[in-house]
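One structure is given here, and the rest of the page talks about it.
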Amino acid sequence: MDTRISGKTRLLGVIGKPVGHSGSPVMYNFCFDYYGLDGVYLAFECDESQVKDTIAAIRRLNMRGANVTMPCKREAARNMDRLSPAAKFIGAVNTIVNDNGVLTGHITDGMGVVLDLADHGHSIKDKDIVLLGAGGAAMAIMVQCALDGAKSVTVFNRGREALEKARSVGENMKADGVACRMEFFPVAENALMHDRIRTADILINATSAGMRPMAEGVSLITDMTAFHEDLVVYDVIYNPPVTKLMQDALDNGCRPENVIGGKGMLLWQGAGAFKLYSGLDMPAQELKAFLARREKEGTEPLMDIAENVPY
Ligand code: NDP
């Protein structure tokens with residue numbers, strides 16, 4: 001990399017706290033090297049109270065852009081010149097692009113799931129989707145699926161508060177002309193939830209149920225007859241790599257190639273951001289091979305960054 005840094009090299013970075021363990025610098029610098037792009041990507045610690053100044057620095061230093069992680073995503077959205085449709089509906093930003101001094105905030109977390117599904121051969125277009133959860137990750141997924149042409153997204157969440165917030169995002173989208181049918185129910189409507197899965201094309205778990213160590217072995221799906229051969233099951237959880245939900249799906253008729261864990265979500269949300277910065281496709285297969293080599297050599301796995309994703 002040092003051979004290509006020049007007086008014209010553009011700076012990019014990730015802002016948030018903590019960022020010391022972020023995998024983003026490795027991921028983006030690999031991509032700059034791959035294409036020979038004149039950019040360099042670093043991590044900058046920034047808490048919520050420093051977001052305004054940090055964004056002023058992005059302008060002042062003419063940085064090409066930045067990724068934003070917790071706890072800065074919402075405050076960053078309040079300091080943009082423009083917001084992408086998804087960022088506007090969610091009120092949070094994970095990618096800032098600087099075009100000649102105009103800062104546009106995007107959110108690519110939902111793209112992470114949509115692109116990962118596509119990488120596994122599944123389009124969300126015209127599909128009926130059941131989405132478990134109404135937290136930060138779930139909202140990003142709901143909005144992206146709706147914007148990208150899903151036929152319906154039915155959201156089930158344990159708590160009422162987040163569910164009502166999700167409903168209001170859905171209503172805003174509807175008022176804005178988004179055609180996708182969005183419905184919202186508590187998980188307590190258990191029979192309805194299982195019925196919806198029976199007729200769904202894709203089931204996405206975006207809750208922490210199943211996550212190691214707090215909720216390992218937990219799944220919201222309790223009636224195994226809801227799984228079916230044509231169902232695609234995506235779990236945003238990446239630790240453990242096979243969650244209880246995924247194992248249950250595998251044991252009850254879902255095809256192995258249609259049961260997908262959350263490991264790819266980080267990579268593909270990065271691919272979304274890289275495209276916004278550079279206009280180029282992330283060299284995903286080469287990056288995957290590079291990361292696999294690093295893991296084999298015992299370097300800290302890149303997935304650690306995903307702990308930074310919550311809002
Ligand atoms: P939030 O705290 O914003 O939301 C958590 C969601 O999970 C809420 O809907 C919450 O429901 C629900 N939930 C938590 N525990 C349970 C439980 N035991 N039973 C039922 N519902 C539960 O977190 P995020 O949305 O940011 O993250 C959610 C999950 O997604 C995490 O496991 C995280 O690691 C993973 N993730 C993975 C990424 C990846 O790259 N693969 C990226 C981002 C997140 P309620 O409202 O009732 O509390």
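First listed ligand is number 1; within each ligand, the first listed atom is number 1.
In the vicinity of Met211, heavy-atom distances shorter than 4.0 Å reach the ligand 1 atoms 31 (C), 32 (O), 34 (O). Atoms of ligand 1 found under 4.0 Å from any heavy atom of Ala206 (numbered from 1 in listed order, with element): 28 (C). Of all atoms in ligand 1, listed by their number and element, those nearer than 4.0 Å to a heavy atom of Gly136 are 3 (O), 25 (O). Those atoms of ligand 1 that come under 4.0 Å of a heavy atom in Gly133, given as number and element, are 9 (O). Residue contact check: Ala162 has heavy atoms under 4.0 Å from atoms 46 (O) of ligand 1.
Proximity of Asn157 to ligand 1, defined as any heavy-atom pair under 4.0 Å, is confined to the side chain (atoms from C-beta onward). Only side-chain heavy atoms of Leu220 come within less than 4.0 Å of ligand 1; its backbone N, CA, C and O stay farther off. Contacts between Ile237 and ligand 1 below 4.0 angstrom, taking non-hydrogen atoms only, involve the side chain exclusively.
His194 has its side chain within reach of Ile221: a pair of non-hydrogen atoms, C-beta onward, lies under 4.5 Å apart.
Put simply, the side chain of Asn94 gets close to the backbone of Thr108: a donor and an acceptor are under 3.5 Å apart. At least one donor-acceptor pair closer than 3.5 Å links the side chain of Asp81 to the backbone N or O of Leu103.
Side-chain contact annotation: Arg212 with Asn239, donor-acceptor N/O pair under 3.5 Å present.
Any N or O atom pair closer than 3.5 Å counts here, and Arg158 shares at least one such pair with ligand 1. Of the N or O atoms in Gly159, one or more lie within a sub-3.5 Å distance of an N or O in ligand 1. Here's the thing with Ala215: none of its N/O atoms is less than 3.5 angstrom from an N/O atom of ligand 1. The shortest N or O to N or O distance between Met265 and ligand 1 is not under 3.5 Å. Taking any N or O of Ala137, backbone or side chain, at least one lies under 3.5 Å from an N or O belonging to ligand 1.
Within the structure, ligand 1 has Ala134 among the residues with a heavy atom less than 4.0 angstrom away.
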(message) Show, in sequence, the C-alpha distance, side-chain angles and deciding distance for Ile204 and Val130, and conclude whether the side-chain contact (heavy atoms from CB on, under 4.5 Å) test is met.
(response) CA-CA 6 Å; Ile204 301 174; Val130 170; over 6 Å; no

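Classified by interplanar angle (parallel below 30°, tilted 30° to 60°, perpendicular above 60°), the ring pair Tyr41/Tyr28 is parallel. In this structure, Phe274 and Phe32 have tilted ring planes: the angle between them lies in the 30° to 60° band.
Side-chain heavy atoms closer than 4.5 Å link hydrophobic residues (I, L, V, M, F, W, Y) into clusters, and following such links, even through other members, never connects Met211 to Val259.
Listed by chain and residue number, Phe89 satisfy the side-chain contact (heavy atoms from CB on, under 4.5 Å) test with Asn172 (two or more places apart in sequence, or in another chain). For Glu257, the side-chain contact (heavy atoms from CB on, under 4.5 Å) criterion is met by Arg255, not counting sequence neighbours.
Relative to atom 31 (C) of ligand 1, the option among Ser208, Ser219, Gly135 with the closest non-hydrogen atom is Ser208. Counting heavy atoms only, Leu266 comes closest to atom 40 (O) of ligand 1 of the residues Asn205, Leu266, Thr207.
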